[in-house]
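Here the structure comes first, spelled out in structure tokens, and everything after it is commentary.
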Amino acid sequence: MGSFGSASPFLFLLRLAVLPHHVLAFHPKNTKRSAETMLPLSLPLLALLVSFAQCQQYDYDYQPLSMSMPSGPNCNQECTCPITFPSAMYCDNRKLRFVPVVPKGIKYLYLQNNMIEEIKAGVFDNVTDELRWLILDNNQITNPKIEKGTIDKLTALEKLFFSSNNLTEPVIPPSKSLDELKMISNKLSKFPAGLLNDKVNLTFVYLQHNELTSEAIGGAFKGSKGLLSLDVSYNKLKKLPTGLPNSLEILYADHNEIESIGSGYLNKLPNLRYLRISHNKMVDSGIPAGVFNVTSLTELDLSFNKLQSIPEINEQLEQLYLQANEINKFDLSSFCKYTSPLNYSRLKHLRLDANNITHSSMPPETSNCLRVASDVMFE
């Protein structure tokens with residue numbers, strides 16, 4: 001998946017927009033779901049999902065700009081600033097051990113895939129109110145090596161990509177324009193409440209592959225009133241995050257240690273459309289009656305847990321993934337309380353493979369309830 005290699009930092013969005021749907025099923029590090037391949041998501045959130053998809057592969061596979069290509073005069077000698085796009089400075093893939101001084105006029109700074117260990121004070125002094133994008137993925141930066149007077153002075157930053165480093169706690173700029181934060185594959189063990197209180201434009205947060213616990217992120221996102229997507233997969237959560245803003249539309253918490261979900265949890269998230277809690281420790285007793293029976297959900301993934309029955313869902317749900325559980329009965333009332341010309345399930349895709357039931361487990365009246373289901377998988 002191409003990312004930041006063109007002269008324009010916006011071209012990668014266009015590339016992603018034309019990727020096949022299966023690429024946009026986005027899973028960290030291109031992890032293949034074999035028995036749990038996800039289906040493409042609906043187009044109304046294309047812009048949101050395009051941005052979400054790009055975070056899932058952060059091994060930048062484009063060819064870096066040639067160090068010998070023409071560069072603008074306003075550029076650090078360690079880097080390249082294309083004449084055709086002089087506000088971007090490319091310092092990626094150059095074995096740098098430090099962040100070079102950034103000249104005035106630079107808005108997009110690419111420092112991924114280096115050996116950077118520290119950020120010294122003063123390197124951003126020329127662009128404190130200009131820098132929009134800061135890409136630091138795949139380096140060796142630790143919190144003690146980020147000096148004061150660096151990221152804490154960036155008042156106009158919109159995107160901060162800090163994945164695959166050695167951070168133990170988040171680094172948040174003062175910018176109120178921040179709309180995307182990525183700190184995937186670090187060593188984050190805490191995320192203090194209040195850090196995002198003034199981040200009213202923050203839309204995407206990616207924290208997968210860290211060491212976060214439920215207590216560590218309690219209340220961390222309360223101030224992000226416009227947050228649309230949050231990914232906390234591959235952490236150490238025992239319950240879903242609390243204190244989330246009601247703007248949230250996507251919540252991924254795959255590969256944690258979640259055993260239960262609080263009664264009424266989804267009622268506090270009236271706009272949530274996509275919820276994934278696969279590869280956890282969910283059991284029937286940890287799912288209160290009707291907790292997933294909310295009209296907003298489009299996709300629910302509870303695969304690879306320890307459920308023995310199908311939880312009650314709302315008739316508006318379109319995609320339900322329950323593969324690799326311990327389900328031993330097919331209860332039609334989980335999908336439809338009753339059926340009529342106007343009352344039926346809108347479910348299109350249902351996965352029940354790798355459970356203890358077969359197609360013959362479905363009662364004869366199933367077709368009246370699941371009348372629009374095009375894919376019901378048992379094996």
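Heavy atoms only: backbone and side chains are in, while hydrogens, waters and symmetry mates are out.
Closest approach of Ser175 to Leu157, counting heavy atoms only: OG-O, 2.7 Å. Minimum heavy-atom separation, Pro245 to Ser224: CG-O, 3.1 Å.
Screening residues 365-374 for side-chain hydrogen bond (donor to acceptor under 3.5 Å, both in side chains) gives no qualifying pairs among residues at least two apart or on separate chains. Note on residues 334-379: pairs passing disulfide (SG to SG under 2.5 Å), not counting sequence neighbours, are Cys336-Cys369. For residues 252-328, the set of pairs meeting the disulfide (SG to SG under 2.5 Å) definition, not counting sequence neighbours, is empty. Counting only residues at least two apart or in different chains, disulfide (SG to SG under 2.5 Å) contacts with residues 208-303 are absent.
Cluster partners of Val372 are Tyr344, counting Ile, Leu, Val, Met, Phe, Trp and Tyr whose side-chain heavy atoms approach within less than 4.5 Å, directly or via other members.
Note on ring orientation: taking the six-membered ring where Trp is involved, the planes of Phe304 and His279 are parallel (angle under 30°, cut-offs 30° and 60°).
In this structure, the side chain to side chain contact (heavy atoms under 4.5 Å, CB included) partners of Lys337, at least two apart in sequence or on a different chain, are Glu312. By the ring pair (Phe, Tyr, Trp, His ring centres under 6.0 Å) test, Phe292 is found to be paired with no residue, residues two or more places apart in sequence or in another chain being considered. Remark: Asp331 pairs with Ser333, Ser334 by the side chain to side chain contact (heavy atoms under 4.5 Å, CB included) rule, at least two apart or across chains. In this structure Val283 satisfies the side chain to side chain contact (heavy atoms under 4.5 Å, CB included) test together with Ser285, Lys306, sequence neighbours excluded. Every residue meeting the side chain to side chain donor-acceptor pair (under 3.5 Å) condition with Ser340, not counting sequence neighbours, appears here in chain and number order: Asn343. In this view, Glu158 and Arg132, Trp133, Ser177, Asp179 satisfy the side chain to side chain contact (heavy atoms under 4.5 Å, CB included) rule, not counting sequence neighbours.
A salt bridge is defined here as a Lys NZ or Arg NE, NH1 or NH2 lying under 4.0 Å from an Asp or Glu carboxylate O, and Glu180 with Lys159 meets this definition.
Using modelled atom types and a 3.5 Å distance limit, the side chains of Tyr321 and Gln319 yield a donor-acceptor pair. Counted by atom type alone, Asn113 and Asn138 present one or more donor-acceptor pairs between their side chains at under 3.5 Å. One side chain, Asp254 or Ser278, offers a donor N or O that lies under 3.5 Å from an acceptor on the other. Looking only at atom types and distance, the side chain of Gln208 has a donor-acceptor partner in the side chain of Asp231 under 3.5 Å away.
Atoms CE and NZ, on Met89 and Lys107 in that order, are 15.0 Å from each other to the nearest 0.5 Å. Interatomic distance, Leu227 CG to Glu249 CD, rounded to the nearest 0.5 Å: 10.0 Å.
Counting only distance, with no hydrogens or angles, the side chain of Asn166 and the backbone of Thr142 share no donor-acceptor pair below 3.5 Å.
Taking the six-membered ring where the residue is Trp, the centroids of Phe161 and Tyr110 are separated by 6.0 Å or more.
Each of Leu136, Val99, Asn186 was evaluated against Ile141; a single residue qualifies, Leu136, per the side chain to side chain contact (heavy atoms under 4.5 Å, CB included) test. Across Lys348, Arg273, Arg351, Arg276, a single residue satisfies salt bridge (Lys or Arg N to Asp or Glu O under 4.0 Å) together with Glu299, and that is Arg276.
With a 4.5 Å cut-off on side-chain heavy atoms, Glu78 and Cys91 do not count as touching. Inter-residue side-chain proximity for Phe335 and Leu350 is flagged as met; some heavy-atom pair is nearer than 4.5 Å. Using a 4.5 Å heavy-atom cutoff, the side chains of Ser309 and Lys329 are in contact.
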Got a list of side-chain donor-acceptor pairs under 3.5 Å for residues 259-267, not counting sequence neighbours?
residue : atom : partner : partner atom : Å
Tyr265  : OH   : Pro241  : O            : 2.4

